[in-house]
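In what follows, residues are counted from 1 in the order of the sequence shown.
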Amino acid sequence: MAAELEGKERFLVKGLVIPMKRFPHIEDELNLAEAVRALQAFTFGEYERMRYSEMLVLDADNQLVGRVSLQSILKGLDPNLAQMFEGFQGKAGEFPNLSILWGNSFFSACNSRFGKNIKEFMTPLPTPVKENESALKALSIMLAHNETVLPVLNEAGDEVLGVIRLEEIFNAIVRHCSGTV
């Protein structure tokens, strides 16, 4: 019975959480340039690759208000970018050659957007999970909503502890299923 309970403990969210001090996050009053610097501060390796592709946004009371991803930043730098991929009147699909025409206007417009408040680039938060919930519940939310990162809250739901990523859940499942626990 103790071994069974220990196995369940390994699959709780709290055992796989990345604490806030190790995951990029910013206050909602900052601008895009500050957000980009915060995200780029989490790099690794010889080529300083970015460790994360998104960050959480918190208000002055340390409450979650949104998230910012590489995609939302890039789309926010030029609102025409998002529209370009929606298609044209009666035509859907990709138009890679339009990127050549669009390039000049993008680079002239994007610089002015770096001073904009990060709220303009935020996207809605995925469903958070609590620290004592099953990592399999987190996995089911991720798979159902095509998410790779979920915020983790304390049991009372009033404090952000960190995040759980699909990568940590995947690694835990693979270790368990391969018998290398």
Side-chain angles (χ1 to χ4, degrees), residues 1-45 47-76 117-181:
M1 185 66 155
E4 182 180 315
L5 183 58
E6 182 182 317
K8 289 180 182 177
E9 284 288 321
R10 278 194 212 132
F11 283 96
L12 291 181
V13 168
K14 68 181 174 184
L16 302 173
V17 69
I18 298 171
M20 287 299 283
K21 67 181 177 190
R22 290 187 34 226
F23 190 79
H25 58 283
I26 60 164
E27 291 182 22
D28 64 352
E29 294 303 319
L30 299 179
N31 65 33
L32 178 62
E34 294 163 317
V36 168
R37 280 193 298 276
L39 191 56
Q40 289 176 327
F42 289 84
T43 59
F44 70 97
Y47 301 106
E48 294 191 17
R49 295 176 155 264
M50 291 178 64
R51 189 173 301 273
Y52 303 110
S53 61
E54 67 181 78
M55 67 172 38
L56 298 178
V57 181
L58 306 161
D59 65 14
D61 296 324
N62 219 27
Q63 297 299 306
L64 286 169
V65 293
R67 67 178 167 178
V68 178
S69 66
L70 297 179
Q71 293 92 334
S72 66
I73 291 171
L74 292 170
K75 288 178 182 178
N117 184 285
I118 196 62
K119 291 177 189 175
E120 293 186 35
F121 301 87
M122 287 189 328
T123 57
L125 285 164
T127 304
V129 291
K130 292 185 178 173
E131 64 180 326
N132 285 320
E133 292 183 309
S134 167
L136 294 177
K137 176 181 179 181
L139 175 63
S140 69
I141 293 169
M142 289 176 180
L143 295 176
H145 300 285
N146 198 27
E147 297 287 351
T148 58
V149 176
L150 298 179
V152 176
L153 306 177
N154 65 359
E155 278 308 300
D158 59 0
E159 181 185 354
V160 184
L161 300 178
V163 299
I164 185 168
R165 297 184 312 166
L166 182 61
E167 182 178 336
E168 279 74 35
I169 297 172
F170 175 84
N171 287 335
I173 290 172
V174 168
R175 279 192 307 272
H176 183 77
C177 293
S178 67
T180 58
V181 183

**OP:** Could you check His176 against Ile173 for side chain to side chain contact (heavy atoms under 4.5 Å, CB included), going step by step and ending with a plain yes or no?
**Re:** CA-CA 5 Å; His176 183 77; Ile173 290 172; 5.8 Å; no

Is a donor on one side and an acceptor on the other found under 3.5 Å between the side chain of [X] and the backbone of [Y]?
{"X": "Arg67", "Y": "Met122", "value": "no"}
{"X": "Asn62", "Y": "Glu159", "value": "no"}
{"X": "Asp61", "Y": "Gln63", "value": "no"}

What side-chain donor-acceptor pairs closer than 3.5 Å can you find for residues 136-146, not counting sequence neighbours?
from: Lys137; atom 1: NZ; to: Glu133; atom 2: OE2; distance (Å): 2.6
from: Ser140; atom 1: OG; to: Lys137; atom 2: O; distance (Å): 2.7

Subject >> Residues Lys130, Lys14; criterion side chain to side chain contact (heavy atoms under 4.5 Å, CB included); working and verdict >> reply: CA-CA 8 Å; Lys130 292 185 178 173; Lys14 68 181 174 184; over 6 Å; no

Closest non-hydrogen atom pair, [X] against [Y]:
{"X": "Pro151", "Y": "Leu56", "answer": "CG-CD2, 4.4 Å"}
{"X": "Tyr52", "Y": "Pro24", "answer": "CD1-CD, 3.2 Å"}
{"X": "Ile164", "Y": "Val152", "answer": "N-CG2, 3.6 Å"}
{"X": "Gln40", "Y": "Thr43", "answer": "O-CG2, 2.8 Å"}

Please round to the nearest 0.5 Å and tell me the distance separating atom [atom1] of [X] and atom [atom2] of [Y].
{"X": "Glu29", "Y": "Leu58", "atom1": "CD", "atom2": "CG", "value": "12.0 Å"}
{"X": "Ile169", "Y": "Phe11", "atom1": "CD1", "atom2": "CZ", "value": "10.0 Å"}
{"X": "Met50", "Y": "Leu70", "atom1": "CE", "atom2": "CG", "value": "4.5 Å"}
{"X": "Thr127", "Y": "Glu147", "atom1": "OG1", "atom2": "CD", "value": "8.0 Å"}

Subject >> pair Glu131-Val17: side-chain heavy atoms closer than 4.5 Å >> reply: no

**OP:** Indicate yes or no: at least one non-hydrogen side-chain atom of Asn117 is less than 4.5 angstrom from one of Asn31.
**Re:** no

Subject >> Test side-chain contact (heavy atoms from CB on, under 4.5 Å) applied to Arg165 and Thr148, Leu150, Asn171, Ile18, the passing residue >> reply: Ile18

Original post:
Do Leu39 and Ile26 pass the side chain to side chain contact (heavy atoms under 4.5 Å, CB included) test, and can you show the C-alpha distance, the side-chain angles, and the key distance before you say yes or no?
Top reply: CA-CA 9 Å; Leu39 191 56; Ile26 60 164; over 6 Å; no

**OP:** Determine whether more than 12 heavy atoms belonging to other residues, nucleotides or ligands lie under 6.0 Å from atom CZ of Phe42.
**Re:** yes

Original post:
Do Val68 and Ile73 pass the side chain to side chain contact (heavy atoms under 4.5 Å, CB included) test, and can you show the C-alpha distance, the side-chain angles, and the key distance before you say yes or no?
Top reply: CA-CA 7 Å; Val68 178; Ile73 291 171; 3.3 Å; yes

